Amino acid sequence: PGFSNGQCHSNLRTISCVDAPPPVAVTQRPRGRGGIVHNPAPALTSIPIHTQSPSSQSHGIKVLVQNLPASVNFDKISQMANKCGNVVAIQIHREEKSAVVEFSDPNHAELFTRAHNRKMMDLAIITASR
């Protein structure tokens, strides 16, 4: 009860993970001068990680495209993006050699990312990330 199936490793020692918060330690005032009282080491607690479903996702439909060559223009980015799905907006930042492409559907953003990440474009390898 209270222990998870996995184990956490710290400093080459195995420490069991527990789902309960660490016990509240009672601190005492040190007696004399300069005494230090150490509380017992806290138990490791597990932290649930929740992933959002695409329908509840409020962001993540924007894709950052970096390392764009100087020859790339709005039309070229628009062509690339429209092949992957419905595009809401495109912002090109020439000084940073990047663009932000916003899709209406997270699946379209994922498709664009997979199709264009680490691809060669006019002698430059572009990166696409969400």
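Fair warning: this is a prediction, and the values are worked out from it, not measured in the lab.
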Can you find a pair of side-chain heavy atoms, one from I92 and one from I77, that are under 4.5 Å apart?
yes
side-chain contact (heavy atoms from CB on, under 4.5 Å), that's the test. Do V63 and E102 meet it? Break it down for me.
CA-CA 6 Å; V63 177; E102 184 175 357; over 6 Å; no
For the pair K62 and R130, evaluate side-chain contact (heavy atoms from CB on, under 4.5 Å) and give the outcome as yes or no after the intermediate values.
CA-CA 6 Å; K62 291 183 179 180; R130 293 179 61 190; over 6 Å; no
Tell me whether S78 contacts the main-chain N or O of F74 through its side chain, where contact means a donor paired with an acceptor under 3.5 Å.
no
Under 3.5 Å, is there a donor-acceptor pair between the side chain of N117 and the main chain of A128?
yes
So, do Q66 and E96 sit near enough that their side-chain heavy atoms are less than 4.5 Å apart?
no
Are M121 and L111 in one and the same hydrophobic cluster, where Ile, Leu, Val, Met, Phe, Trp and Tyr link if side-chain heavy atoms are under 4.5 Å apart?
no
How far does CG of L64 sit from CD of Q91, to the nearest 0.5 angstrom?
10.5 Å
Within the distance-only criterion (no hydrogens, no angle test), does the side chain of H108 pair as donor or acceptor with the backbone N or O of N86 below 3.5 angstrom?
yes
So, do I126 and H116 sit near enough that their side-chain heavy atoms are less than 4.5 Å apart?
yes
Looking at CD1 of I61 and CZ of F112, how far apart are the two atoms once the value is rounded to the nearest 0.5 Å?
14.0 Å
So, taking the atom named CD in E110 and the one named CZ in R114, what distance separates them when rounded to the nearest 0.5 Å?
4.5 Å
Assess, by modelled atom type and distance only, whether the side chains of D122 and S71 contain a donor and an acceptor separated by less than 3.5 Å.
yes
Which heavy atom of F103 sits nearest a heavy atom of C84, and at what distance?
CE2-CB, 4.4 Å
Please check: side-chain N/O of N67 versus main-chain N/O of T127, any donor-acceptor pairing under 3.5 Å?
no
Going through the checks in order, is the side-chain contact (heavy atoms from CB on, under 4.5 Å) test met by V101 and V87?
CA-CA 7 Å; V101 182; V87 177; 4.2 Å; yes
